Amino acid sequence: MKDYYNLFVALALQQCRKENYADKSKVKVNNAAMTKLRKLRSEIQRNGKEEVLSTLLNHEDDRVQLSAASACLDLNVYVEQAILALKRISKTSDDPTFCFSAKMLLKQHKGEL
């Protein structure tokens, strides 16, 4: 049985922070990780393991919470928890790229995009 929690965390932590976007190799790693994360999200859904997303919403790293919240909204599970996590990230994250991403996910969820 796969350890979805640790796989998800490992991929989410490869997301670029603000200072990483100037480094093409880090952006390439980020893009590959996000592709794998989307596939993992589909696998989590297929195998009925969505509960792992609820746990990931409480992870200490904003990148993990942001990815988990995005997955929750896409899969329509733990929506209220996801919205709370996104609101917190949008207001308190020390990385402006995560704040912006959280705000855009909230807007998208509200149908404003």
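What you are looking at is a predicted structure, and each value in this text was computed from that prediction instead of being measured.
Within the 4.5 Å cutoff, no side-chain heavy atoms of Tyr4 are placed close to those of Leu56. Between Cys16 and Val27 the shortest side-chain heavy-atom distance falls below 4.5 Å. Taking the side chain as every heavy atom from C-beta outward, Arg41 and Leu37 never approach each other to under 4.5 Å. Residues Leu86 and His109 fail the side-chain proximity criterion, which asks for heavy atoms closer than 4.5 Å. A 4.5 Å side-chain heavy-atom check between Asn20 and Asn30 finds every atom pair outside the cut-off.
Atom NZ of Lys18 sits about 11.0 Å away from atom CG of Asp94, to the nearest 0.5 Å. Atom CG of Leu66 is separated from atom CD1 of Ile89 by 5.0 Å, given to the nearest 0.5 angstrom. Taken to the nearest 0.5 Å, the CE atom of Met104 stands 10.0 Å off from the OG atom of Ser90. The distance from the NZ atom of Lys26 to the CG atom of Asn31 is 14.5 Å, given to the nearest 0.5 Å. The CD atom of Gln15 lies 4.0 Å from the CE atom of Met34; values are rounded to the nearest 0.5 Å. Taking CD1 from Ile44 and NZ from Lys39, the interatomic distance works out to 14.5 Å, rounded to the nearest 0.5 Å.
With respect to the salt-bridge test (charged N to carboxylate O, under 4.0 angstrom), the residues Glu43 and Lys2 qualify. For Arg88 and Asp62, the salt-bridge test passes: some basic side-chain N is under 4.0 Å from an acidic carboxylate O.
The cluster map of Ile, Leu, Val, Met, Phe, Trp and Tyr, joined by side-chain heavy atoms under 4.5 Å apart, puts Leu75 and Leu84 in different clusters. When hydrophobic clusters are built by joining Ile, Leu, Val, Met, Phe, Trp and Tyr residues whose side-chain heavy atoms come closer than 4.5 Å, directly or via intermediates, Val29 is not grouped with Leu40.
Summarising the local packing, CZ of Phe100 is surrounded by 12 or fewer heavy atoms from other residues, nucleotides or ligands at distances under 6.0 Å. Annotation for Glu80: atom CD does not count as buried by contact number, only 12 or fewer foreign heavy atoms lying within 6.0 Å.
In summary, the side chains of Asp95 and Thr97 do present a donor paired with an acceptor at a separation below 3.5 Å, with no hydrogens or angles considered.
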(message) The test is side-chain contact (heavy atoms from CB on, under 4.5 Å); show your working for Val64 and Leu57 and say whether it passes.
(response) CA-CA 7 Å; Val64 176; Leu57 288 170; over 6 Å; no
(request) Start with the C-alpha distance between Gln65 and Phe98, add both sets of side-chain angles, then the distance that settles side-chain contact (heavy atoms from CB on, under 4.5 Å), and finish with yes or no. (result) CA-CA 10 Å; Gln65 287 186 29; Phe98 303 150; over 6 Å; no
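Closest approach of Ser54 and Asn58 over heavy atoms only: O-ND2, 3.5 Å. The shortest non-hydrogen separation linking Tyr5 to His59 is OH-CD2, 3.2 Å.
A side-chain contact (heavy atoms from CB on, under 4.5 Å) with Leu53 is found for exactly one of Cys72, Ser70, Ser67, namely Cys72.
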Would you give me the side-chain donor-acceptor pairs under 3.5 Å for residues 6-14, sequence neighbours excluded?
{"from": "Asn6", "atom 1": "ND2", "to": "Asp3", "atom 2": "OD2", "distance (Å)": "2.4"}
{"from": "Gln14", "atom 1": "NE2", "to": "Ala10", "atom 2": "O", "distance (Å)": "3.3"}

